[in-house]
Trainee: 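Handing you this structure, nothing more for now.
Every number for a ligand or one of its atoms is a count from 1 in the order of the listing. When a residue number appears, it is its place in the shown sequence, counting from 1.
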Amino acid sequence: RARIEREKAGRHNAQARLADAMEGSTEGIVLTDAAGRIVAVNRRAAELLPGVPLGPGDDWDRAAALDAPDAQTAAALRRAPPAAAEFKLADGRWLRVSRSPARDGGAVAILSDVTGLKAKEAALAETNRRFAAALDNMAQGLALFDAEDRLLVANRRALTLLRLPPEAAAPGAAWRELTRAVMRAAGHPEAEAAALAHDRIRFAARRTAGTRLRKTPDGQVVALSFSPTAGGGFVATWQDVTERERAQARIAHLARHDGLTGLPNRSLLRERLAAALDSGRPFALHCLDLDRFRGVNDGYGTPAGDRVLAAVAERLRALAGSHDLPARLSGDEFALLQADAGPAEAERFAAGLAEALAEPHDLDGDALVVRAHAGFALAPADGAAADALLRHAGLAAERAKAEKDAWPRRFHPDMDAAQRAHRSLEAELRRALAADALELHYQPQVDTVAGRVSGLEALLRWRHPVRGWISPAEFVPVAEQSGLIVPLGEWALRRAARDASGWPGRVRVAVNVSPLQFRSAGLGDAVLGALRDAELPAGRLELEITESALLEDGDAVRSVLHRLRAGGVRVAMDDFGTGFSSLATLRSFPFDKIKIDQSFVRVPADGVPQADAIVRAVAGLAAALGMRCTAEGVETEAQLGRLAAAGCGEVQGYLFGRPRPAGEVPGLIARIEAGFAVDA
Ligand code: C2E
Ligand code: MG
Ligand code: MG
């Protein structure tokens, strides 16, 4: 009995321990027998399935299926162990039921509350879904490869961008095959496709970050970027950069071309010049400049000016060979690099250029010849650097302009020396003006009929500290080119007016005015201001202008002259007979005086009859138009006699006196007039 009692106690203990274990479990536990009837159940099970009959002897299949939300779950719960099913309870919790067989043919069902787990799973699934959506909506194509170069994942954009069918990018696909398929799909010719694929395969193998650009035969530009990943694989991203590349190309084009004519600009020309110099082959650089282009803009309007520039560009293009480079350097400056040209070819081209430029332009029905001057330099003989060549060709063109020659010039080193001299002269002249180191000398103009000095012409004098006297014929053009003529001319006006205010009231002063002075707005005021300050009556001032003043901006110049003339200032036409259309100029403004140029006075013997005829005609013309007439450059009595015979009664020249300093003027006047008195 004692043994029986011990065994009983032992069994009881085991049962008690089992019961404790079941009750202490956080899982619900249900034990069933071979017939599926419940033999034991813990409290947790009852908690998890409230309302389900889980008493000993109840049928598990029926009981468990009672709370299942649908037939499928119910069926899963009824399946013979081992089996597992999950379902959502009416109160929203998730339950997992797993059944495993027991040794006696029955089963153990473990019921777990997996609500928390389920929430985590759902969150993860949502994250994955979002990630997939993001991948598929990326503007870039993206593919992830493992350490063996096998595809892990690729987004949809990668397929469309690379023109691949979905099966080509299945997970596991090799980079090697994939990249070959890409090159084929893009339509690259076979050899190119092979080379491209080879490059990409090697690039990926290096596992370094970097980018490759590729342009497809149909013009798409794709950028491929690699970056290695931590696990030994890499990420490849593709981007369509066609538009970006196009915009960059456009910007690059704009930076190196002229917007109006589409021609290459100075910076592109310089690059090409440098390259041509590097190549060591001979070539020519032509430069050309349009004359008075401002006049076209002012007279016909800017759109017409633009049309002229475009037409000049067109003519240059037509002349250019396939290896030549025409360019627009600035406003009305053009150039052309003539490839593989020696002196003979360059001369020939220059001749063709001059001819093409001489063709008139059609401006609103007007056939207008826009004159141009051109010059060229040869490389490497005339310059070893792009800038030197440009400067030299420009100098040659300037020389053609200075010599009023439409024919292109070749650069000569003398031009360079001349320009340097010109520059230093300009600087010295500027200093001389600032230091008041210039003077005016006066040359009498004599009325031979009345025997009196009617006026004196003011002529600039510059005593250079080193070079001595420099002629205005030399420095006035320098002043004109640098703009210095405006302050210089103003100074001369003021000084002449002041000097003349001390002379007898009947004696006038004549001051030369450069055409360039008319371009600055202040000339009218400068003249009137000089008169006012010197208290000189306007009628005692005479302005000498040359024909060229009226050629450019004729209307503007005339309006200034009319204003001054209305104020009493007299206007003389200087150097008459040396211009292009003196008669037309004469008609365009009511001059007070014509000055016959020296070239009709001092003539070689065989030219005398014609010169006399011209002087007679001009004197007659002046009389008929109510103008006075003065002959310049009279050095001898014989010349004086001929002029008198031809009807020209007023003269100026060394015969009566060279230009002298202001202080000598009263004496000069007295001496000349005394001479007439003696003669009489
Ligand atoms: P221009 O106005 O025709 O002046 C006449 C020039 O002929 C002066 O030369 C004068 O000295 C010279 N001349 C006068 N009589 C004789 C003569 O009998 N024989 C010879 N061989 N020459 C004679 P200059 O002073 O050298 O002036 C040259 C030119 O410089 C002037 O020609 C004028 O165009 C310009 N010029 C002079 N002063 C000024 C000025 O203040 N302003 C401007 N804009 N130009 C000036
Ligand atoms: Mg003069
Ligand atoms: Mg003159």
Side-chain angles (χ1 to χ4, degrees), residues 429 432-433 438-446 453 455-464 468-500 508-520 523 526-527 530 541-549 557 570-579 582 591-604 618 628-640 642-643 648 650-662 668 672:
L429 183 59
L433 180 63
L438 294 167
E439 287 177 34
L440 282 180
H441 285 193
Y442 296 92
Q443 184 178 38
Q445 302 176 328
V446 183
V453 171
L456 292 109
E457 178 175 7
L459 294 159
L460 273 168
R461 292 294 176 260
W462 177 17
R463 196 208 301 259
H464 187 275
W469 289 110
I470 301 183
S471 162
E474 188 179 337
F475 69 80
V476 166
V478 172
E480 286 180 335
Q481 276 176 36
S482 62
L484 202 59
I485 192 68
V486 172
L488 186 64
E490 227 178 290
W491 176 86
L493 277 164
R494 295 189 162 273
R495 170 55 56 90
R498 205 152 9 106
D499 287 344
R508 277 190 285 269
V509 67
V511 180
N512 293 285
V513 178
S514 157
L516 274 297
Q517 288 173 261
F518 285 94
R519 285 214 195 146
S520 88
L523 179 66
V527 171
L541 176 67
E542 191 162 79
L543 301 181
E544 293 193 4
I545 67 166
T546 52
E547 195 189 335
S548 52
V557 173
R570 297 164 57 98
V571 182
M573 152 118 286
D574 205 352
D575 302 340
F576 186 79
T578 56
S582 299
F591 290 95
D592 296 285
K593 180 192 273 190
I594 299 172
K595 293 187 76 177
I596 299 175
D597 190 70
Q598 319 194 354
S599 56
F600 300 100
V601 176
R602 297 196 308 278
V603 275
V618 174
R628 298 175 62 84
C629 174
T630 305
E632 293 187 78
V634 183
E635 294 182 355
T636 64
E637 291 286 351
Q639 287 161 355
L640 182 66
R642 273 180 23 231
L643 289 166
C648 182
E650 187 169 283
V651 295
Q652 177 180 351
Y654 294 170
L655 180 63
F656 287 104
R658 291 179 179 250
R660 300 300 305 159
L668 196 58
I672 292 168

Trainee: Counting only heavy atoms on the protein side, is anything nearer than 4.0 Å to atom 34 (O) of ligand 1?
Mentor: no
Trainee: Quick check on Gln598 - does any of its heavy atoms sit under 4.0 Å from an atom of ligand 1?
Mentor: yes
Trainee: Of the side chain and backbone of Val634, name the one, both, or neither that has a heavy atom under 4.0 Å from an atom of ligand 1.
Mentor: backbone
Trainee: Heavy atoms only, cut-off 4.0 Å: how does Asp575 contact ligand 1, side chain, backbone, both, or neither?
Mentor: side chain
Trainee: For atom 36 (N) of ligand 1, which of Ser514, Pro472, Gly633, Ala496 has the closest heavy atom?
Mentor: Pro472
Trainee: Work out which heavy atom in Ala526 is nearest to a heavy atom in Glu490; give both atom names and the distance.
Mentor: CB-CG, 3.5 Å
Trainee: Within the structure, does at least one protein heavy atom fall under 4.0 Å of atom 24 (P) of ligand 1?
Mentor: yes
Trainee: Ser471: heavy atom below 4.0 Å from ligand 1, yes or no?
Mentor: yes
Trainee: Is any NZ, NE, NH1 or NH2 atom of the basic residue among Arg602 and Glu632 found under 4.0 Å from an Asp or Glu carboxylate oxygen of the other?
Mentor: no
Trainee: Please work out the angle at the Mg ion (ligand 2) defined by atom OD2 of Asp574 on one side and atom OE1 of Glu544 on the other, rounded to 10°.
Mentor: 90°
Trainee: Could you check whether any heavy atom of Glu480 sits closer than 4.0 Å to an atom of ligand 1, since that is the contact criterion I want to use?
Mentor: no
Trainee: I need the minimum non-hydrogen distance between Ala631 and Val601, along with the two atoms involved.
Mentor: CB-CG2, 4.0 Å
Trainee: Minimum distance, heavy atoms only, to atom 42 (N) of ligand 1: which one of Asn512, Thr636, Thr578 is it?
Mentor: Asn512
Trainee: Please state whether the separation between the Mg ion (ligand 3) and some N/O/S atom of Glu632 is under 2.8 Å?
Mentor: yes
Trainee: If the cut-off is 4.0 Å to any non-hydrogen atom of Pro659, which atoms of ligand 1 fall inside it?
Mentor: 11 (O)
Trainee: Give the contacting part of Lys595 toward ligand 1: side chain, backbone, both or neither, where contact means a heavy-atom distance below 4.0 Å.
Mentor: neither
Trainee: For ligand 1, does Arg602 get within less than 4.0 Å through its side chain, its backbone, both, or neither, judged by non-hydrogen atoms?
Mentor: side chain
Trainee: Determine, considering heavy atoms only, which of Leu438, Leu440, Leu459 sits nearest to atom 10 (C) of ligand 1.
Mentor: Leu459
Trainee: Any salt bridge linking Glu439 with Arg461? Criterion: basic side-chain nitrogen under 4.0 Å from a carboxylate oxygen.
Mentor: no
Trainee: Under 4.0 Å from atom 27 (O) of ligand 1, is there any protein heavy atom?
Mentor: yes
Trainee: Report yes or no: does Asp575 have an N/O/S atom closer than 2.8 Å to the Mg ion (ligand 3)?
Mentor: yes
Trainee: Between Lys593 and Glu650, does any side-chain N to carboxylate O distance fall below 4.0 Å?
Mentor: yes
Trainee: Give the contacting part of Glu632 toward ligand 1: side chain, backbone, both or neither, where contact means a heavy-atom distance below 4.0 Å.
Mentor: side chain
Trainee: Below 4.0 Å from ligand 1: does a non-hydrogen atom of Gln652 turn up there or not?
Mentor: no
